[in-house]
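Notes follow the structure.
Chain letters run A, B, ... following the sequence lines, proteins first and then strands; every chain starts at 1. What you see is a predicted model; the values in this text were computed from it and never measured. What you see below is based on every heavy atom in this structure, not just the backbone, and it leaves out hydrogens, waters and symmetry mates.
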Number of protein chains: 2
Amino acid sequence: MAAEDDTALGDTVERFSQARSAQSQALLEDYTEMIDDLLREVGEARITDIARHMGVTHPTATKAVSRLKREGLAQSRPYRGVFLTEAGLAMAERVRARHRVVVDLLVAVGVPAEAAELDAEGIEHYVSDTTLAAFEAFLAARR
Amino acid sequence: MAAEDDTALGDTVERFSQARSAQSQALLEDYTEMIDDLLREVGEARITDIARHMGVTHPTATKAVSRLKREGLAQSRPYRGVFLTEAGLAMAERVRARHRVVVDLLVAVGVPAEAAELDAEGIEHYVSDTTLAAFEAFLAARR
DNA sequence: ACAAAAGTGTAGCCATGGCTTCATTTTCGC
DNA sequence: GCGAAAATGAAGCCATGGCTACACTTTTGT
Ligand SMILES: [Mn+2]
Ligand SMILES: [Mn+2]
Ligand SMILES: [Mn+2]
Ligand SMILES: [Mn+2]
């Protein structure tokens, strides 16, 4: 029979596939959350503001918003701002909550606040529902 | 003076920039670790094996190895396997250690082993040295 | 030894996510 | 109200990381 793996080479495909799939969602999640932040705190989400906060040029932000629209997460009218659909709002809500839990957990295990803020921006997209639930339980227990 | 941010809109640019930069390293890190795993456990790292374990087609693996060679992490001769340079070996070592610490930390805070394995594959690439040190301290303390 | 199977290389396609450049439109200040 | 400044849109470039298709080489089995 084919040599099955003994050590590190176990079911690697599913692991990498899942990571790649999460990665393809990351940009959508960050833009959605950013747009929602702007709508809440500034009242509108203009392309220029989105671009400035994301640290990209405005054509890059325009492309990202196009993708959001294509995926049914946002709407926009030329020279008016960008808005979120119901689905977009739901995603923003979920993403914001998860982001906060990730930062809190990092801080709870001893990560300095500054590093926690920076690292959470990348980590959050790979935290599954199962892991998120475990983080919440850990935080609740140690409260 | 320009309205500084009150809430979620703080230094977002650095956060997102750092996350993007980490992302561009992720693929390199995973292939390097995988090649090292194969060299250790199988004795050679052929393109086909790399591809199969990464869950991609062989031309995709070939492209990735090309990038590794370009970045000075690997070498290869046609129809012979792929090898790691000193720099590649060092990266593999570092990445493997970090991967293990991330899995261990997830399990330590209550994440089920299965989910920890899956999520760590993505999370690891966004764990900074500072955060890694905090994870290690946490694990050492609770040992 | 040689045919078949397996592995490898190469070319070329697509989507994503960056960018610059330039035209157009809107907004703002006076 | 109008001219300048700012914002937006649109086109097109590049690198990355997937893929398929096909040709060529190497290994394997009989
Ligand atoms: Mn993020
Ligand atoms: Mn976030
Ligand atoms: Mn990984
Ligand atoms: Mn890994």
Side-chain angles (χ1 to χ4, degrees), chain A residues 2-3 12-32 34-35 38 42-71 73-83 121-122 125, chain B residues 2-3 12-32 34-35 38 42-71 73-83 121-122 125:
Chain A
T12 57
V13 173
E14 183 183 354
R15 235 166 59 208
F16 289 116
S17 296
Q18 174 163 314
R20 278 196 300 269
S21 145
Q23 189 184 6
S24 84
Q25 280 288 109
L27 188 128
L28 252 24
E29 294 179 345
D30 282 334
Y31 271 90
T32 299
M34 171 58 67
I35 289 166
L38 288 167
V42 184
E44 61 178 357
R46 292 143 72 218
I47 286 289
T48 296
D49 297 331
I50 296 170
R52 188 175 56 248
H53 284 92
M54 296 297 298
V56 299
T57 59
H58 85 265
T60 297
T62 298
K63 265 195 193 177
V65 169
S66 294
R67 191 175 159 211
L68 289 184
K69 292 197 282 187
R70 176 157 39 90
E71 309 253 351
L73 296 167
Q75 291 180 329
S76 80
R77 297 193 318 281
Y79 291 94
R80 316 303 275 186
V82 178
F83 307 92
E121 197 58 74
H125 308 285
Chain B
T12 58
V13 173
E14 184 184 354
R15 235 166 60 209
F16 290 116
S17 297
Q18 174 164 314
R20 279 195 299 269
S21 144
Q23 189 184 6
S24 83
Q25 281 286 109
L27 187 126
L28 251 25
E29 295 178 343
D30 282 334
Y31 271 90
T32 299
M34 171 59 68
I35 289 166
L38 288 168
V42 184
E44 61 178 357
R46 291 142 72 219
I47 287 288
T48 297
D49 297 331
I50 297 170
R52 188 175 58 248
H53 284 93
M54 297 297 298
V56 298
T57 59
H58 84 264
T60 296
T62 298
K63 265 196 195 177
V65 169
S66 294
R67 193 174 158 212
L68 290 185
K69 292 198 282 187
R70 177 158 39 91
E71 309 253 352
L73 296 167
Q75 292 179 328
S76 80
R77 298 194 317 283
Y79 291 93
R80 315 303 276 189
V82 178
F83 306 92
E121 197 58 73
H125 307 285

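- Proximity of residues 16-27 of chain A to DNA chain D (heavy atom under 4.0 angstrom from any strand atom) is restricted to A:Arg20.
- The stretch residues 63-71 of chain A touches DNA chain C through A:Lys63, A:Arg67, A:Arg70, each having a heavy atom under 4.0 angstrom from the strand.
- Results of the side-chain contact (heavy atoms from CB on, under 4.5 Å) test with A:Leu27 over A:His125, A:Arg67, A:Met54 single out A:Arg67 as the only residue that passes.
- Heavy-atom neighbours of B:Gln75 CD from other residues, nucleotides or ligands within 6.0 Å: at or below the threshold of 12.
- Remark: B:Arg15 pairs with A:Glu121 by the side chain to side chain donor-acceptor pair (under 3.5 Å) rule, at least two apart or across chains.
- When all heavy atoms of A:Ala61 and A:Ile47 are compared, the closest pair comes out as CB-O, 4.1 Å.
- Considering CG of A:Leu68 and OG1 of A:Thr32, their distance stands at 4.5 Å, rounded to 0.5 Å.
- Boundaries of the chain B contact region on DNA chain D are D:dT16 to D:dT26, first to last in 5' to 3' order (nucleotide atom under 4.0 Å from a heavy atom).
- Taking both residues in full, the closest heavy atoms of A:Ala64 and A:Tyr31 are given as CB-CZ, 3.4 Å, listed atom of the first, atom of the second, then distance.
- Between A:Phe16 and B:Met34, the closest side-chain pair of non-hydrogen atoms falls below 4.5 Å.
- The residue among B:Ser76 and A:Leu28 whose nearest nucleotide of DNA chain C is located toward the 5' end is B:Ser76.
- Of all heavy-atom pairs between B:Leu38 and B:Ala45, the closest is CB-CB, 4.0 Å.
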Requested in this report: Check the pair B:Ile35, B:Leu73 against side chain to side chain contact (heavy atoms under 4.5 Å, CB included), reporting the backbone distance first and the verdict last.
Outcome: CA-CA 11 Å; B:Ile35 289 166; B:Leu73 296 167; over 6 Å; no
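- The minimum heavy-atom distance between B:Ser24 and B:Ser21, with the atom names listed, is OG-O, 3.0 Å.
- Residues from residues 49-57 of chain A lying near DNA chain C, meaning a heavy-atom separation below 4.0 Å, are A:Val56, A:Thr57 in numerical order.
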Report task. Quick one, give me the B/S/- string for nucleotides 21-26 of chain C, reading 5' to 3', where B means a protein heavy atom under 4.0 Å from the base and S means that only happens at the primed atoms, P, OP1 or OP2. Result -> B--BBS
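- Of the possible polar contacts, one joining the B:Thr62 side chain to the B:His58 backbone as a donor-acceptor pair under 3.5 Å is found.
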